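Nothing fancy with the numbering, it's 1 onward along the sequence. Computed from a predicted structure; not experimentally measured.
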Amino acid sequence: MPRLSLIAVLVAATFALAQDSPLTINNGSNAVHVFPTRSVHAAAPLAAGALLYHGGPVMSTVNTYAIFWVPSQLQNGGSTSMSAAYQTIEKNVLADYPGHGLDNNNTQYYQGTTTKKYIQNSGKLASSYVDTNPYPASGCSDSATPGACITDTQLQAEIQRVMTLKGWTGGLSKMFLVFTSSGEGSCFDSTNAQCAYTYYCAYHGYFTNGSGQTVVYSNEPYGNTSNCQAPGTPSPNGNPVADAAATAATHELTEAITDPLLNAWYDASGNEIGDLCAYNYGGNTWDSTLANEMWNGRFYELQMEYDNHLAGCVQVGP
C-alpha cells in the first residue's frame, strides 16, 4: 500500500475509534485516549468482551523517558511541588515494569495478521529529566486548578523542546511521559470540555514531530487519591499521591504498548486494555498486604490489566 494511503487509513481508523468511545478525545486534528476519573469510569460503557485487533502497530519493546516538569511557580502565582521521593517512585516503576507481570501479560498481543509480531517483555527506563522551564500562559480553564492549566498542544511543545534539548529521538520503541507538579492542571484543548481530575487522570496519544518521527507520549498529572484511585487503596511506598501516579503511569504505558496509534487493540466499545481493569487491583499479597506487585524488591499497588486468554483482569501475564 502506498505510504500516503496507509497514513490515511491509520488516521481514519483513529478518528473512527474516537467517535465510538467516550474515552478517546478527538478534535479533528489529534486524538488521545484517557484514563478516566472514577466517576467517568463508572458512567462509561461496560466491557464489550475481548480485546480485538484492528490492524495497527504495537510497541514490541519500549524504552521510556520521564520528564518531570516542575517550574518555580504555577501560572496563577501559586507554588509548585513535586518531591524527590515522588520522582524516584515514578522512575522506579518505569524501570521495573519491563520483565515483570503486567508487561508479561502484553506478550499475548501482536501486530500483523498473516505474520504476527508479538510484544516482547522487554525495555527500560532510558532517561529522565527534571525541567524547571516555566509553564506557558494558561491555555485552558478548569475547575480543579483554576488559572494553572496546559493544553495538549502545549504539552506536545514541551515534549519536543525537551527532546531537542536532550537529543532524544522518537519512534515506536519509545514513550515519553510528562509528570507535572501539584496544582498544575490540563485540558485536552481550550474548549475545557475534558480536563484533569474531572474527566481524566492521565492520557496517552501520539504526534509526528518536525523530523517526521512518531512521538508516543502520555500526560501524567500530579497524583490524585480522591478522583484517580479507589477508596481505601493502600500506599506501599508511604507516599499516596506518588502511588496514585504510578498506577496511572502503568495504565498509560500498558495501553500505549498495545495501542500506540489508537488503532491496534481495543474492544467493541473502544475500551483499551487498561480501561477494562481500571480501579481493580486484585489481591494484595506483598508487603504485609500493602502491595499487589513486587518488582526488583520494590513494592507497588497497581491496577490489573486485561488478559484475553483468561477473559479477565490479571496481575501476572499468561
Chi angles and distances behind the side chain to side chain donor-acceptor pair (under 3.5 Å) call for N104, N121
CA-CA 5 Å; N104 196 65; N121 190 356; 3.3 Å; yes
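- Residues T37 and Y199 are not in side-chain contact: their nearest non-hydrogen atoms beyond the backbone lie 4.5 Å or more apart.
- The backbone N or O of A311 lies less than 3.5 Å from no partner atom in the side chain of D307, so there is not a single donor-acceptor pair.
- Between R298 and E293 the shortest side-chain heavy-atom distance does not fall below 4.5 Å.
- With values rounded to the nearest 0.5 angstrom, E252 atom CD is found 5.5 Å from H204 atom NE2.
- Annotation: the span from S143 atom OG to N192 atom CG amounts to 9.5 Å, rounded to 0.5 Å.
- If you check the side chains of Q303 and N280, you find no donor sitting under 3.5 Å from an acceptor.
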Begin from the C-alpha positions of L155 and T151 and carry the test side chain to side chain contact (heavy atoms under 4.5 Å, CB included) through to its verdict.
CA-CA 6 Å; L155 185 77; T151 65; over 6 Å; no
What's the verdict on side chain to side chain donor-acceptor pair (under 3.5 Å) for Q160 and T164, showing C-alpha distance, side-chain angles and the deciding distance?
CA-CA 6 Å; Q160 187 56 65; T164 300; 3.3 Å; yes
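- What you find for N219 and S186 is that their closest heavy atoms are ND2-OG, 3.0 Å.
- If you check the gamma sulfurs of C201 and C228, they are less than 2.5 Å from each other.
- Looking at heavy atoms from C-beta onward, Q156 lies out of side-chain contact with V215 at the 4.5 angstrom threshold.
- The aromatic rings of F179 and F68 sit parallel, their planes meeting at an angle under 30°, below the 60° perpendicular limit.
- What you find for S79 and L74 is that their closest heavy atoms are O-CD1, 3.8 Å.
- Judged by distance alone, the side chains of D259 and H54 never bring a donor and an acceptor atom under 3.5 Å apart.
- By the criterion of side-chain heavy atoms lying less than 4.5 angstrom apart, applied directly or through intervening Ile, Leu, Val, Met, Phe, Trp or Tyr residues, V62 is grouped together with L102 in one hydrophobic cluster.
- With sequence neighbours excluded, no residue forms a side-chain hydrogen bond (donor to acceptor under 3.5 Å, both in side chains) with D287.
- Within the structure, every pair that satisfies the salt bridge (charged side-chain N to carboxylate O under 4.0 Å, His left out) test and touches residues 130-143, not counting sequence neighbours, is listed here: D131-R161.
- Looking only at distances, no side-chain donor or acceptor of S190 sits under 3.5 Å from a matching main-chain atom of C140.
- Here the side chains of E158 and I67 are in contact, with some heavy-atom distance below 4.5 Å.
- Residues Q75 and I150 meet the side-chain proximity criterion, which asks for heavy atoms closer than 4.5 Å.
- The heavy-atom pair separating K117 from V58 by the smallest distance is O-CG2, 4.2 Å.
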Can you check side chain to side chain contact (heavy atoms under 4.5 Å, CB included) on T24 and L262, steps first, answer last?
CA-CA 9 Å; T24 300; L262 311 186; 4.2 Å; yes
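- Remark: the backbone N or O of V70 is not paired with any side-chain donor or acceptor of T132 at under 3.5 angstrom.
- Hydrophobic clustering (ILVMFWY, side-chain heavy atoms < 4.5 Å, transitive): I119 and Y110 are in one cluster.
- A donor-acceptor pair under 3.5 Å is absent between the side-chain atoms of H41 and the main chain of S39, judged by distance alone.
- Atom CD1 of I273 sits about 5.0 Å away from atom CG of N105, to the nearest 0.5 Å.
- In the model, Y86 has no side-chain atom that pairs as donor or acceptor with a side-chain atom of N237 under 3.5 Å.
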Could you walk me through whether Y129 and W69 pass the side chain to side chain contact (heavy atoms under 4.5 Å, CB included) test, one step at a time?
CA-CA 8 Å; Y129 178 66; W69 196 4; over 6 Å; no
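- Across all their heavy atoms, S127 and W168 have their closest contact at OG-CZ2, 3.5 Å.
- Under the 2.5 Å SG-SG cutoff, C187 and C195 qualify as a close cysteine pair.
- Taking the six-membered ring where the residue is Trp, the centroids of F176 and Y217 are separated by 6.0 Å or more.
- When the options W265, Y118, Y109 are evaluated for a ring pair (Phe, Tyr, Trp, His ring centres under 6.0 Å) with Y53, the one that passes is W265.
- Side-chain N/O atoms of T61 and S122 include a donor and acceptor closer than 3.5 Å.
- No continuous path of ILVMFWY side-chain contacts below 4.5 Å connects M304 to L51, so the two sit in separate hydrophobic clusters.
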Would you sort out whether H33 and D275 count as a side chain to side chain donor-acceptor pair (under 3.5 Å), showing the intermediate values?
CA-CA 10 Å; H33 191 91; D275 305 322; 2.6 Å; yes
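- Residues S218 and E220 have side chains that bring a donor and an acceptor to within less than 3.5 angstrom of each other.
- Considering CD1 of I257 and OG of S173, their distance stands at 11.5 Å, rounded to 0.5 Å.
- Closest approach of S181 to Y135, counting heavy atoms only: N-OH, 3.1 Å.
- Distance check: S128 OG to Q87 CD gives 8.0 Å after rounding to the nearest 0.5 Å.
- Applying the salt bridge (charged side-chain N to carboxylate O under 4.0 Å, His left out) rule to pairs touching residues 229-245 yields nothing, sequence neighbours excluded.
- Residues Q315 and E305 have side chains that never bring a donor and an acceptor to within less than 3.5 angstrom of each other.
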Test side chain to side chain contact (heavy atoms under 4.5 Å, CB included) applied to L125 and Y97, step by step:
CA-CA 9 Å; L125 172 64; Y97 179 95; over 6 Å; no
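- Put simply, F207 and V162 are part of the same group of oily side chains (I, L, V, M, F, W, Y) that touch within less than 4.5 Å, one to the next.
- Taking the six-membered ring for Trp and the full ring otherwise, Y281 and Y300 have centroids separated by 6.0 Å or more.
- A donor atom on one side chain and an acceptor atom on the other are not found under 3.5 Å apart for D96 and N92.
- A heavy-atom distance below 4.5 Å is found between the side chains of L261 and P57.
- Atom OG1 of T254 is separated from atom CE of M59 by 11.5 Å, given to the nearest 0.5 angstrom.
- The main-chain N or O of Y200 is never found under 3.5 Å from a side-chain atom of Q194 such that the two would form a donor-acceptor pair.
- Between C277 and C313 the SG-SG gap is short of 2.5 angstrom.
- Counting heavy atoms from C-beta on, the side chains of N224 and Q229 never come closer than 4.5 Å.
- Ring orientation note: the planes of Y203 and F188 are nearly perpendicular, at an angle over 60° on the 30°/60° scale.
- Between the side chains of K174 and T169, at least one donor-acceptor pair of N or O atoms lies under 3.5 Å.
- The closest side-chain heavy-atom distance from L276 to D267 is below 4.5 Å.
- Cluster membership check: F35 does not share its hydrophobic cluster with V93, using side-chain heavy-atom separations under 4.5 Å among Ile, Leu, Val, Met, Phe, Trp and Tyr.
- Across all non-hydrogen atoms, the minimal contact from M82 to T180 is CE-O, 3.3 Å.
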